[in-house]
Amino acid sequence: MHMPGWEDLITPLYVASFFECSCAGDHCFYAESLLSTDAFIAYCYRFYQSSKAMLLLWSLALLLGAVAGKEVCYDRLGCFSDDSPWAGIVERPLKILPWSPADVNTRFLLYTNENQDNYQKITADASSIRSSNFKTNRKTRFIIHGFIDKGEESWLANMCKNMFQVESVNCICVDWKGGSRTGYSQASQNIRIVGAEVAYLVDFLKTELGYSPSNVHVIGHSLGSHAAGEAGRRTNGAIGRITGLDPAEPCFEGTPELVRLDPSDAKFVDAIHTDAAPIVPNLGFGMSQTVGHLDFFPNGGLEMPGCQKNILSQIVDIDGIWEGTRDFAACNHLRSYKYYADSIVNPTGFAGYSCASYSVFSANKCFPCPSGGCPQMGHYADRFSGKTSGVGQKFYLNTGDKSNFSRWRYKVSVTLSGQKVTGHVLVSLFGNLGNSKQYEIYKGSLQSGYTHSNEFDSDVDVGDLQKVKFIWYNNVINPTLPRVGASSITVERNDGRVFKFCSAETVREDVLLTLTAC
């Protein structure tokens, strides 16, 4: 088992990173090992007790950062230094160089519509590419994994398979496990090699095959987001699009743009933030600052629905012990690539709303979409007409707690009729594409003539509405058998289209009332 050197113990930014020192319940994660708490807790205790020593070492590292840096050069990829801002700054005080290309061992695993289940390994070599299923008349999407992960992990190939359902594409999974399975601080430097390798392949495709970088889309998760940014920087922003899936926070939050993913790295940059709580003390692995033209913060970006399950149910996951263990350790962080995968096959299910904050969005103050429409978080974000009209544009939305994560937001206004009672009002929607569940619109005093409104996120896109159903209840025995109705119900979709339904009837508690178009 890898034990950390002093460089991995120097600051909480490194020790709180994924799998390095994280304890919960009866287990601790350390690197790739799952240990008993009793066997590991003494180490964790000694580690955190050494905070004063670590502060001294950290200060020393910052002072050493002023010393002339080192540089290492490699054929094809050029030179890499540990000068500022790559090292010797507050966010990354250690003087660390990336490993050699041979040690990082970046591999390109090509899946296409013709070989969806078995990858073809390609290199920046004309014969390698021509003998593969790579097609120059297709878009090319690279997927880069993050810390500890590997290119053969199922989520990357599954994302490619979702793409094959909707498009013909060259889908390249980038494997760099040789450089990701080490201490986090070293891995955060190794992504420079990964980005350089991707950039080299993109440039090769351009010069040897006439393939335009504008047809390239690089998708990176966690550290892979910043590897994508490095690839974009090295190609002078010529890449068509980069998507950051919860870009890693430690060693990148607050750093100069040269170091991290930023809007200049591609013609269009978008990001999904799912674990944006601070690394200390919340163990949030993702960045909270904006890094693209469009930055999406689903569910507020801090805590994702479905990530609060108990330890046993989280580990014994429907997708297996390994996936469940990953979710237990970093559920919020991993949600970003799961949202993206679902967005591929749900083109309208992840509309993001421009809003001052998530709390304002939750208070129903940001609906419907403006005249220019709402961008879709994930695969189809590039269809938004205003995608590059500014940088750091923030958007909020809600998702489901499990796949399928897509949701469709509606605003419903109910004007009541009938007797005065106290109770709950629920409405369900029926359209040409499907029917929704019942959603609560209001609870309290139900009085004839009063109108109550609420917004909800349906797990079904009902399409064009044809009718609605109204029901009320209060679970109170009332010998007068009161009757309540809805004289009108107005439903607004996020595109601003309004549907109105009317009824002159009233019903008793728990009896459905169907309203048709006025």
Side-chain angles (χ1 to χ4, degrees), residues 244-247 249 253-254 270-309 330-336 338-340 343 349-378 381 384 386 389-402 405-414 424-427 439-444 451-459 491-496:
L245 303 178
D246 208 36
E249 173 191 342
E253 180 95 17
D270 58 306
I272 301 174
H273 301 264
T274 57
D275 198 16
I279 188 72
V280 179
N282 305 82
L283 287 184
F285 303 131
M287 300 178 78
S288 60
Q289 73 179 106
T290 58
V291 295
H293 295 94
L294 308 182
D295 285 73
F296 296 88
F297 292 83
N299 311 296
L302 302 178
E303 193 68 38
M304 300 301 106
C307 285
Q308 303 85 13
K309 296 184 292 185
C331 181
N332 294 319
H333 195 44
L334 307 186
R335 276 292 195 259
S336 55
K338 297 182 180 184
Y339 293 162
Y340 190 96
S343 77
F350 292 89
Y353 299 86
S354 178
C355 219
S357 67
Y358 184 63
S359 61
V360 175
F361 169 75
S362 299
N364 299 339
K365 307 243 182 230
C366 308
F367 189 91
C369 299
S371 58
C374 287
Q376 291 289 324
M377 180 181 78
F384 181 51
S389 61
V391 299
Q393 301 177 71
K394 289 186 176 183
F395 297 89
Y396 299 91
L397 65 152
N398 290 327
T399 70
D401 60 355
K402 60 183 182 299
F405 292 104
S406 58
R407 290 294 183 268
W408 289 265
R409 196 167 183 87
Y410 296 91
K411 180 178 181 179
V412 176
S413 300
V414 179
H424 300 249
V425 170
L426 293 86
V427 166
Y439 291 93
E440 185 170 273
I441 305 302
Y442 176 73
K443 63 179 179 179
T451 299
H452 304 284
S453 299
N454 199 8
E455 295 174 18
F456 59 81
D457 298 286
S458 171
D459 59 359
V491 181
E492 187 175 14
R493 295 193 312 204
N494 66 13
D495 61 1

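In this text, all values refer to a predicted model and were calculated from it rather than measured experimentally. In what follows, every heavy atom counts, from backbone to side chain, and hydrogens, waters and symmetry copies are set aside.
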Just verifying a value: how many Å separate S413 OG and E455 CD, rounded to the nearest 0.5 Å? 9.0 Å

When every non-hydrogen atom of Y353 is compared with those of C369, the smallest separation belongs to CE2-SG, 3.8 Å

Taking the six-membered ring for Trp, are H273 and F297 parallel (under 30°), tilted (30 to 60°) or perpendicular (over 60°)? parallel

With a 6.0 Å cut-off on the ring centroids, do F395 and F296 count as close? yes

Please confirm whether the backbone N or O of Y340 pairs with a side-chain atom of S343, one donor and one acceptor, at under 3.5 Å? yes

What verdict does the side-chain contact (heavy atoms from CB on, under 4.5 Å) test give for L426 and Y439, after you've listed the backbone C-alpha separation in whole Å, the side-chain angles of each residue and the deciding distance to 0.1 Å? CA-CA 5 Å; L426 293 86; Y439 291 93; over 6 Å; no

Is the backbone of A351 close enough, under 3.5 Å, to the side chain of Q376 for a donor and an acceptor to pair up by distance? yes

Contact between K411 and V491 at the side-chain level, heavy atoms closer than 4.5 Å - yes or no? no

Take I272 and M377 through the side-chain contact (heavy atoms from CB on, under 4.5 Å) test and state the conclusion after the steps. CA-CA 7 Å; I272 301 174; M377 180 181 78; 3.6 Å; yes

Among T399, T274, N332, the one residue meeting side-chain hydrogen bond (donor to acceptor under 3.5 Å, both in side chains) with N299: T399

Determine the minimum heavy-atom distance between R493 and P368, stating which atoms define it. O-CB, 3.7 Å

Hey, mind stepping through S288 and E249 against side-chain contact (heavy atoms from CB on, under 4.5 Å) and telling me if it holds? CA-CA 8 Å; S288 60; E249 173 191 342; over 6 Å; no

Side-chain donor/acceptor of E253 to backbone N/O of Q289, under 3.5 Å: yes

Starting at CG of D275, measure out to CE of M287 and round the result to the nearest 0.5 Å. 13.0 Å

Donor-acceptor contact present, side-chain N494 to main-chain R409, <3.5 Å: no

Please test N398 against Y358 for side chain to side chain donor-acceptor pair (under 3.5 Å), starting from the C-alpha separation and ending with a verdict. CA-CA 10 Å; N398 290 327; Y358 184 63; 2.6 Å; yes

Please enumerate all residues that pass side-chain contact (heavy atoms from CB on, under 4.5 Å) together with V391, with sequence neighbours excluded. P263, H293

Verdict with supporting geometry, V425 and H452, side-chain contact (heavy atoms from CB on, under 4.5 Å): CA-CA 9 Å; V425 170; H452 304 284; over 6 Å; no

Could you tell me which residues satisfy ring pair (Phe, Tyr, Trp, His ring centres under 6.0 Å) with Y339, sequence neighbours excluded, listed by chain and number? F405

Do you know which two heavy atoms are closest between C331 and G306, and how far apart they sit? SG-O, 4.4 Å

Roughly how far, to the nearest 0.5 Å, is the OG atom of S406 from the CG atom of L397? 11.0 Å

If you look at every heavy atom in L294 and P375, which pair is closest and at what distance? CD1-CB, 4.0 Å

Side chains of K394 and T290, heavy atoms from C-beta outward: is any pair under 4.5 Å? yes

